[in-house]
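Below is one structure; the comments refer to it alone.
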2 protein chains.
Amino acid sequence: MSDLCDFPQLLAGLGVKPTALRLAVLEVLGASSKALRAQEILEAIRSKRRVNKVTVYRILDGFTRRGILRRLAIEDRVSHYELACEHHPPHPHFQCHNCGQVQCLEPAPLERMWRDLKGPLGNRADRIDIRVEGVCHKCREIS
Amino acid sequence: MSDLCDFPQLLAGLGVKPTALRLAVLEVLGASSKALRAQEILEAIRSKRRVNKVTVYRILDGFTRRGILRRLAIEDRVSHYELACEHHPPHPHFQCHNCGQVQCLEPAPLERMWRDLKGPLGNRADRIDIRVEGVCHKCREIS
DNA sequence: AAATGAAAATCAACTTAGTTGCAAATATCA
DNA sequence: TGATATTTGCAACTAAGTTGATTTTCATTT
Ligand SMILES: [Mn+2]
Ligand SMILES: [Mn+2]
Ligand SMILES: [Zn+2]
Ligand SMILES: [Zn+2]
């Protein structure tokens, strides 16, 4: 999705060393049009080289803490990850409850929701996640 | 939250036997102003009687399938449950990333989101979940 | 009241996704 | 080169939930 980002430079800007594995994680996510599970990222990297899952989990975690990735709590019991670079502003997601895929939707409606939800609370809102669940285009055709 | 519902009657209407445990699960959720984890429901029941966790998980699962409860994928790796009766229409949720509590927000803005998100897809949207993340009122005071 | 049968609850074992602690391998710097 | 710090790997563990088989409960039928 984002071959627009120069990953080595992105990491350099944050003082993070661009190791082969860190770049591999970013490239897998950059090449995907949808948010991926840690498992899927792991397998994608493994199709090219050998990696330990712990390393991948640690990279995903570190990137999420630094704001390089967003971790989505979109599905029970499995996190999904996506790039959080400027080409990927926060946006709603769609998950098909038949095939499980997580699509990215257009960011547009987010701004308005912010205003509606932020107001009425003594809480401080830092982030808003919108998840649409249903049956995707492909799965509808089949059945 | 919903002492408004007559649980035995609710179950009867669906042809589900109102066993002691099923009612206990509904009463715990009915007495709570926030969505609860399976663990919390289990502990609440255990403070009164002895139960096996499998039974509680199966009850939660059955209720969710029948639409008596909603299962919320609001936090990584832990489901939250809430009553889905007419006094609890679907609504956005707020989770504090300090204390982890999941508050229920007002249902109002949901209708509008539907229209915005349903349209642009070949997908069929069945449900929309909105999750606001931040720091809750209580946790803000403390720090 | 005893026998039958179905639904509900329990138990032990298992699974999945992720985490922890520590050791080995690399990279960086003096 | 050696000393230090960072990254990666390995094995063991955890938390949340699931599975399959067994036992209990409870309403019917005899
Ligand atoms: Mn996305
Ligand atoms: Mn709620
Ligand atoms: Zn699908
Ligand atoms: Zn809080």
Side-chain angles (χ1 to χ4, degrees), chain A residues 7-8 11-12 14-28 35-46 48-66 68-82 95 97 100 102, chain B residues 7-8 10-12 14-29 35-46 48-66 68-82 95 97 100 102:
Chain A
F7 298 130
L11 294 182
L14 291 161
V16 178
K17 273 182 228 163
T19 68
L21 281 178
R22 298 215 249 246
L23 289 172
V25 166
L26 292 176
E27 266 144 34
V28 168
L36 299 176
R37 287 165 252 257
Q39 203 59 240
E40 298 172 306
I41 296 168
L42 186 61
E43 275 159 26
I45 297 176
R46 278 188 174 153
K48 301 252 165 56
R49 52 164 293 175
R50 135 205 169 89
V51 222
N52 187 272
K53 67 170 178 171
V54 176
T55 308
V56 170
Y57 279 113
R58 290 210 261 242
I59 289 173
L60 291 171
D61 210 56
F63 282 178
T64 303
R65 267 185 287 100
R66 287 169 199 275
I68 297 171
L69 300 181
R70 267 188 299 270
R71 190 200 313 266
L72 311 173
I74 253 179
E75 187 180 357
D76 258 11
R77 240 157 315 297
V78 206
S79 294
H80 286 73
Y81 296 87
E82 66 180 3
Q95 182 171 37
H97 51 232
V102 174
Chain B
F7 298 129
L10 171 71
L11 294 182
L14 292 162
V16 179
K17 270 184 227 160
T19 68
L21 280 177
R22 297 215 249 247
L23 290 173
V25 166
L26 292 175
E27 266 144 35
V28 168
L29 284 169
L36 298 176
R37 289 166 250 258
Q39 203 58 241
E40 298 173 306
I41 296 169
L42 186 61
E43 274 158 28
I45 297 176
R46 278 188 174 152
K48 301 254 165 56
R49 50 165 293 175
R50 147 209 158 83
V51 222
N52 188 273
K53 67 172 177 169
V54 176
T55 308
V56 170
Y57 278 114
R58 291 214 253 244
I59 288 173
L60 290 172
D61 210 55
F63 281 179
T64 303
R65 266 184 288 102
R66 288 170 199 273
I68 298 171
L69 299 182
R70 267 188 299 271
R71 190 201 312 268
L72 310 174
I74 254 180
E75 187 180 358
D76 259 12
R77 237 156 316 297
V78 206
S79 294
H80 286 72
Y81 297 87
E82 65 180 5
Q95 183 172 38
H97 51 232
V102 174

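What you are looking at is a predicted structure, and each value in this text was computed from that prediction instead of being measured. Here is how names work: the chains are called A, B, and so on, in the same order as the sequence lines, proteins then strands, and each is numbered from 1.
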Could you state the atom-to-atom distance from CZ of B:Arg46 to P of C:dA9 in whole Å? 14 Å

Nearest 0.5 Å please: distance from the CZ atom of A:Arg22 over to the CD atom of A:Glu27. 14.0 Å

Nearest-0.5 Å distance that lies between atom CG in A:Asp76 and atom CG in B:Asp76: 10.5 Å

So A:Thr19, base contact, sugar-phosphate only, or nothing? Heavy-atom distance under 4.0 Å. sugar-phosphate

If you define the side chain from C-beta out and look only at heavy atoms, does anything of B:Leu21 sit under 4.5 Å from B:Arg49? yes

Taken to the nearest 0.5 Å, the spacing of A:Arg46 CZ from A:Gln39 CD works out to 8.0 Å

Is there a side-chain contact between B:Leu26 and B:Leu69 in this structure, where contact means two heavy atoms from C-beta onward sitting under 4.5 Å apart? yes

So, A:Gln95 side chain and A:Gly100 main chain: donor-acceptor pair closer than 3.5 Å or not? yes

Quick check on the helix from C:dA1-D:dT30 to C:dA30-D:dT1: what's the angle between its two end axes, five base pairs per end, to the nearest 10°? 10°

Quick check: do B:Ile68 and B:Leu11 have side-chain heavy atoms less than 4.5 Å from each other? yes

With heavy atoms of chain B within less than 4.0 Å as the criterion, where does contact along DNA chain D begin and end? D:dA16 to D:dA21

Look up atom NE2 in A:His80 and atom CG in A:Leu60, then write down how far apart they are to the nearest 0.5 Å. 12.5 Å

Hey, is the side chain of A:Tyr57 poking within less than 4.0 Å of OP1 or OP2 on C:dG18, counting only N and O atoms? yes

Would you list the protein and nucleotides 14-16 of chain C atom pairs, both N or O, that sit under 3.5 Å from each other?
none

Using the salt bridge (Lys or Arg N to Asp or Glu O under 4.0 Å) criterion, which residues pair with A:Arg37? Sequence neighbours excluded. A:Glu40, A:Glu75

Can you name the atoms? Protein N/O to nucleotides 20-27 of chain C N/O, anything below 3.5 Å, with the distance.
residue	atom	partner	partner atom	Å
C:dG21	O6	A:Arg58	NH2	3.4

If you define the side chain from C-beta out and look only at heavy atoms, does anything of B:Tyr81 sit under 4.5 Å from B:Thr64? yes

Whole angstrom is fine here: how far is it from CG in A:Asn52 over to P in C:dA17? 16 Å

List for me each residue that meets salt bridge (Lys or Arg N to Asp or Glu O under 4.0 Å) alongside B:Asp61, sequence neighbours excluded, and say none if there are none. B:Arg65, B:Arg71

Test side chain to side chain contact (heavy atoms under 4.5 Å, CB included) on B:Arg66 and B:Val16 and set out the steps. CA-CA 10 Å; B:Arg66 288 170 199 273; B:Val16 179; 3.5 Å; yes

What's the CD-P distance between A:Glu40 and C:dG18, to the nearest Å? 11 Å

Within-4.5 Å side-chain heavy-atom neighbours: B:Ser79 and B:Leu72: no

Need to verify one output field. Residue with the more 5' nearest nucleotide on DNA chain C, B:Arg22 or A:Ser79? B:Arg22

To the nearest angstrom, the CD-P distance between A:Gln39 and C:dG18 comes to 8 Å

